[in-house]
> 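Please see the structure below; I have some questions.
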Number of protein chains: 2
Amino acid sequence: MIDKKENTEEKIIDAARSVFIKKGMDGARMQEIADEAGINKALLHYYFRSKEKLFDAILGKIIKVAFPKISGIMVSDADFKTKLVQAIDAYLDILFKHPYLPAFVLKEVSRDPNVFIKIIVKRGLNPKLVFKIIEDAMDRGEIVKMKPQHLVINIIGLCVFPFAARPIIEFVAFDEDKKATDQFFKERKAVIKEFVLRSIEVK
Amino acid sequence: MIDKKENTEEKIIDAARSVFIKKGMDGARMQEIADEAGINKALLHYYFRSKEKLFDAILGKIIKVAFPKISGIMVSDADFKTKLVQAIDAYLDILFKHPYLPAFVLKEVSRDPNVFIKIIVKRGLNPKLVFKIIEDAMDRGEIVKMKPQHLVINIIGLCVFPFAARPIIEFVAFDEDKKATDQFFKERKAVIKEFVLRSIEVK
DNA sequence: ATGTGATTTAACCATTTAGTTAAAATGATT
DNA sequence: AATCATTTTAACTAAATGGTTAAATCACAT
């Protein structure tokens, strides 16, 4: 195999991501990552000299998913509400594909915000353009006025929170009925879109 | 001092809560808790034989705060929308008093949901009555129809998420301007209430 | 003053864990 | 066959950490 090198590295990254997301930086064990990757600890350190280096490598890839380029959608020149609906759809698609991301991101952010800040800076993520677009729509009277940050945080909260809190929701709100909870999550897309549209509609 | 015993125990509990909330179960160190309580490790173990016992003791007290009896407000016979606004106010008051709770609860829930489930069961917390009250208001046409769980989770998400994500919000949305972020959080109460009321209003 | 429980001190144990090392094995390439 | 990076094995170090212990000290009530 030509790419055995990349193959092993990929196996490590997959395993590390899975273990880090489940256990967090503190709870994850290098041995467990090695086991999950089907290799031994020595080789793990042969590829990534330290746990921190490995974690940073994983974190970078995770943030790419967790802070997606919704901006792309928002910049297009469609109708504002249409763009908003598209952005919510796109964001929830990502969350359904990576349901454990919210808990992980919130966990690690509270442990050490600087790690995230550094990576976000490095990726040049900048929401100011999105805020501007929202303000313009408000100025044109298309939606109700508020600080654009509130609208963005409201939407992200509506999307993200249920995923981070799923174990509690499943137990408290659905009596541990996994199917009912699944159904609830399937409904979220429509519910959030309607909820948001109603709340920003100009009467 | 008559209550030197309780005094030390209180000091330990305060210190433990503070350290556990900052670092989580995994990240917290018994030595750090002892230091923060102004005592030594031996005495700490003299009061709580193990880290787990101490953590469970703290967790019980924390859950009492984190899962408050909003039900009390919702059960009163005021107008439904009035009750909803009161509940949001009460919930946000708690969050402002304990801003680090959301991150902690979400962190530990994702680490081991069972711990929470056991404690919730023990406290007999039951949201079914609240769901029923919401459904009744919907049936009376006072608010728009949806699965009551969605409304509850929407509101909790709007309230809780910003606190859990505060470090990111401060950096990404407010360029590390702490004052602007504080102002943003002060506005949340009014914003959430208006946002929710608009979204459930029957047209 | 004496006994009692609370508290300190300081050394200690056992375990876990990140990380290292060196030698051997594997396996593809030339 | 010889070379080279990759991988394994297995033992190891060093540090951190939860928890223990025993002796000494302190404060207070009888």
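Reminder, nothing fancy here: chain letters follow the sequence lines and each chain counts from 1. No experiment lies behind these values; they were computed from the predicted model shown.
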> Report the nucleotide, chosen from dG19(C), dT7(C), dT8(D), that has the shortest atom-to-atom distance to any side-chain atom of M30(A).
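In terms of side-chain proximity for M30(A), the closest of dG19(C), dT7(C), dT8(D) is dG19(C).
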> NZ of K23(A): more than 12 outside heavy atoms within 6.0 angstrom?
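Not more than 12 within 6.0 Å, no.
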> I33(B) has an atom CD1; how far is it from atom P of dG19(D), in whole Å?
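Atom CD1 in I33(B) sits about 10 Å away from atom P in dG19(D).
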> Indicate whether OP1 or OP2 belonging to dT9(D) is found under 4.0 Å from a side-chain N or O atom of N40(A).
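False: N40(A) side-chain N/O out of range (4.0 Å or more) of dT9(D) OP1/OP2.
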> May I ask you to evaluate whether R49(B) reaches the phosphate of dG19(D), defined as a side-chain N or O under 4.0 Å from OP1 or OP2?
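Negative; the distance criterion is not met.
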> Mind running side chain to side chain contact (heavy atoms under 4.5 Å, CB included) on E194(A) and H150(B) for me, showing each step along the way?
CA-CA 12 Å; E194(A) 207 191 315; H150(B) 283 297; over 6 Å; no
> Of all the choices, dT6(D), dT7(C), dT9(C), which nucleotide is nearest to the side chain of Y46(B) once you look at every atom?
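The listed nucleotide nearest to Y46(B)'s side chain is dT7(C).
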> Closer than 4.0 Å, any side-chain N/O of S50(A) to the OP1 or OP2 of dA18(C)?
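Answer no for this pair, as no side-chain N or O of S50(A) is under 4.0 Å from OP1 or OP2.
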> Determine, step by step, whether K186(A) and D182(A) satisfy the salt bridge (charged side-chain N to carboxylate O under 4.0 Å, His left out) criterion, reporting the C-alpha distance in whole Å, the side-chain angles of both residues, the deciding distance to 0.1 Å, and the verdict.
CA-CA 6 Å; K186(A) 266 184 211 145; D182(A) 275 338; over 6 Å; no
> Starting the side chain at C-beta, find the nucleotide from dA6(C), dT9(D), dG18(D) nearest to Y47(B).
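Shortest atom-to-atom distance from the side chain points to dA6(C).
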> Is the positively charged end of R111(A) above the ring of F55(A), judged by distance under 6.0 angstrom from the centroid and angle within 45° of the axis?
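Geometry flag: set, cation within 6.0 Å and 45°.
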> Grab the NZ-P distance between K41(A) and dA11(D) for me, whole Å please.
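Value for this atom pair: 13 Å.
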> Considering only dT7(C), dT8(D), dG19(C), which nucleotide approaches the side chain of L43(A) most closely?
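My answer, after comparing the listed nucleotides, is dT8(D).
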> Looking at the rings of F163(B) and F185(B), which for Trp means the six-membered one, are their centres under 6.0 Å apart?
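Between F163(B) and F185(B), the centre distance is under 6.0 Å.
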> Provide, to the nearest angstrom, the distance between the CD1 atom belonging to I39(B) and the P atom belonging to dG5(C).
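Value for this atom pair: 19 Å.
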> When you get a sec, tell me which of dT8(D), dA18(C), dT9(C) is the closest nucleotide to the side chain of A42(A)?
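Nearest nucleotide to the side chain: dT8(D).
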> Using only side-chain N and O atoms of R29(B), determine if any of them is under 4.0 Å from OP1 or OP2 of dA16(D).
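R29(B) to dA16(D) OP1/OP2: no side-chain N or O under 4.0 Å.
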> Looking at dT21(C), dT17(D), dA18(C), which one has an atom nearest to any side-chain atom of H45(A)?
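Output: dA18(C).
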> How many Å lie between NZ on K51(A) and P on dT20(C), as a whole number?
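Those two atoms, NZ and P, are 14 Å apart.
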> How close or far is atom P of dA6(C) from atom CG of L44(B), stated in whole angstroms?
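So the two atoms are 15 Å apart, to the nearest Å.
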> Using atom NZ of K53(B) as one end and atom C1' of dG18(D) as the other, report the distance to the nearest whole Å.
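That distance rounds to 13 Å.
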> Provide, to the nearest angstrom, the distance between the CG atom belonging to D35(B) and the C1' atom belonging to dT17(D).
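Nearest whole value for this atom pair: 14 Å.
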> Heavy atoms under 4.0 Å, any strand shown: does A28(A) hit a base, just sugar-phosphate, or nothing?
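Sugar-phosphate: the residue A28(A), judged by heavy atoms under 4.0 Å, touches backbone atoms but no base.
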> Which whole-number value in Å describes the distance from D26(B) CG to dA18(C) P?
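Rounded to the whole Å, the gap is 12 Å.
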